[in-house]
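Here the structure comes first, spelled out in structure tokens, and everything after it is commentary.
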Protein chains: 2
Amino acid sequence: MKVSTRGDYASRALLSLALHGATQTPTSVRDIAERTALPQPYLEQILLALKGAGLVRSKRGVGGGYVLAREPEEISLAQIVAAVDGPIVAGDFGEPHENGACDHEGQCVLLAVWAEVGEQIRNKLQNLTLADMVTRSTGTAA
Amino acid sequence: MKVSTRGDYASRALLSLALHGATQTPTSVRDIAERTALPQPYLEQILLALKGAGLVRSKRGVGGGYVLAREPEEISLAQIVAAVDGPIVAGDFGEPHENGACDHEGQCVLLAVWAEVGEQIRNKLQNLTLADMVTRSTGTAA
DNA sequence: GCGGTCTGCCTCGGACCGAAGCCGGTGGGA
DNA sequence: TCCCACCGGCTTCGGTCCGAGGCAGACCGC
């Protein structure tokens, strides 16, 4: 019942890009790692997953690095977490109301509940974009 | 980002007790395991944890077993899950706005978000009692 | 009251799996 | 030729899931 560090790290990395307004000039993995205090090799493969999901673009060679693929308003935390942690669900015990999944008492009722919880989390995270985070970050605290 | 099987199993077991209206006569672990199709030894220690949390009472010897400690209306899913899975949170990366926790950009903003998500899940599960589940179970599907 | 049996209580341990993180090599760009 | 993204594989670590086995309390028949 918790977000893995991958989700947290990925969010921090992209938030870092958004904070520096780096929608054009690439930022190297090393710079991101320094600014966010994250382990560099680990962050590397996380960024790779984010690229695979189409959330960032990369540029190789000298002066290369990563750039947000879309505007911060268009990137939600749900997309980030889903990209590195897989689909956002609460409990993976199959689907309710399907073949032999509900052959014991109360089972499919609980499955429905977990599904509702997962959906609620998704809704929450879909409404939080990187732009919102930037606003929160600059508006409230350090 | 998911409920462990412990939480699911514990919920199923208590729901089974509630469905059979066993607020007085004890039900043995073996019977619960049969009705819910759960591994009996595993279920045993889960029930032990639930007893430690004060959600069920036990009776030893012949004709012994487990009984709900309170009325189904008084037992929420949040209590059950918290009893077997620990506190319900989304991401355990420390607390926001404390000593050196927010010394890197955007960190405490994200911490606040995870905290919000966790709180939302807790609220949802606190509003779902065993009595609600019984109603859902008997009212809608098999 | 006494032993047997039924049950919960408790602990130990191990298989299994995913998370977390490091490393070396490859190849494309300036 | 240097820089840096890319690409795997690989290890370590801890948690989950579950079984085995023994101990202790409760009720029974006698």
Side-chain angles (χ1 to χ4, degrees), chain A residues 1-13 17 22 25-34 36-69 81 83-87 89-93, chain B residues 1-13 17 22 25-34 36-69 81 83-87 89-93:
Chain A
M1 180 79 81
K2 59 182 191 62
V3 177
S4 69
T5 62
R6 286 173 67 90
D8 185 47
Y9 288 4
S11 303
R12 276 205 249 171
L17 288 181
T25 58
T27 308
S28 70
V29 177
R30 184 166 13 95
D31 287 351
I32 301 176
E34 282 179 5
T36 55
L38 299 179
Q40 198 250 21
Y42 194 29
L43 180 61
E44 199 172 318
Q45 43 187 1
I46 291 176
L47 284 170
L48 217 50
L50 291 174
K51 176 187 174 166
L55 295 178
V56 292
R57 271 195 296 265
S58 63
K59 186 163 185 283
R60 297 200 188 185
V62 181
Y66 284 93
V67 182
L68 291 178
V81 174
V84 298
D85 270 336
V89 291
D92 43 2
F93 317 108
Chain B
M1 179 80 80
K2 61 180 189 62
V3 177
S4 69
T5 62
R6 287 174 66 90
D8 185 45
Y9 288 4
S11 303
R12 275 204 248 172
L17 288 181
T25 58
T27 308
S28 71
V29 177
R30 186 169 7 100
D31 287 352
I32 301 176
E34 282 179 4
T36 55
L38 300 179
Q40 198 249 22
Y42 194 28
L43 180 60
E44 199 172 317
Q45 38 187 305
I46 291 176
L47 284 169
L48 216 50
L50 290 174
K51 177 188 174 165
L55 295 178
V56 292
R57 270 195 295 268
S58 63
K59 186 163 184 283
R60 296 200 190 187
V62 181
Y66 284 92
V67 181
L68 292 178
V81 174
V84 299
D85 270 336
V89 291
D92 43 1
F93 316 108

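Just so it is clear: chains get the letters A, B, ... in the order the sequence lines come, proteins before strands, and each one is counted from 1.
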### Message
On DNA chain D, does the nearest nucleotide to Val62(B) precede the nearest nucleotide to Asp85(B) from the 5' side, or the other way round? Give the residue.
### Response
Asp85(B)
### Task
Write out all pairs satisfying side chain to side chain donor-acceptor pair (under 3.5 Å) with one or both partners inside residues 40-49 of chain B, taking only residues at least two apart or from two chains.
none
Which donor-acceptor pairs under 3.5 Å do side chains of residues 49-60 of chain B form with protein atoms, sequence neighbours excluded?
residue, atom, partner, partner atom, Å
Lys51(B), NZ, Ser58(B), OG, 2.9

### Task
Working to the nearest 0.5 Å, report the span between CZ of Arg6(B) and CG of Leu43(B).
11.0 Å
### Query
Between Gly64(A) and Pro26(A), what is the shortest heavy-atom contact and its length?
C-CB, 3.7 Å
### Message
Which residues in residues 36-44 of chain A have a heavy atom closer than 4.0 Å to any atom of DNA chain C?
### Response
Pro39(A), Pro41(A), Tyr42(A)
### Query
Between atom OG1 of Thr27(B) and atom CG of Leu47(B), what is the distance when rounded to the nearest 0.5 Å?
10.5 Å
### Query
Who are the side-chain contact (heavy atoms from CB on, under 4.5 Å) partners of Leu48(A), not counting sequence neighbours?
Tyr66(A)
### Task
Using the heavy-atom set of chain B and a strict 4.0 Å cut-off, write down the first and last nucleotide of DNA chain C that makes it in, 5' to 3'.
dC6(C) to dC10(C)
### Summary
Taking five pairs at each terminus, the helix from dG1(C)-dC30(D) to dA30(C)-dT1(D) shows an axis bend, to 10°, of 10°
#### Entry: Terminal contacting nucleotides, 5' and 3', DNA chain D versus chain B (heavy atom, 4.0 Å)
dC17(D) to dC27(D)
### Message
Holding to side chain to side chain donor-acceptor pair (under 3.5 Å), I want the full list of residues that pass it with Thr5(A), two or more places apart in sequence or in another chain.
### Response
none
### Task
State, to 0.1 Å, how close Asp85(A) and Gly7(A) come at their nearest heavy-atom pair, and which atoms those are.
OD2-N, 3.5 Å
### Summary
Assert: residue with more 5' nearest nucleotide on DNA chain C, out of Gly61(A) and Gly64(B), is Gly64(B)
### Message
If you compare all heavy atoms of Ala10(B) against all heavy atoms of Val84(B), which two are closest, and at what distance to 0.1 Å?
### Response
CB-CG1, 3.9 Å
### Task
With a 4.0 Å heavy-atom cut-off, tell me which residues in residues 45-60 of chain B come close to DNA chain C, sorted by residue number.
Leu48(B), Lys51(B), Ser58(B), Lys59(B), Arg60(B)
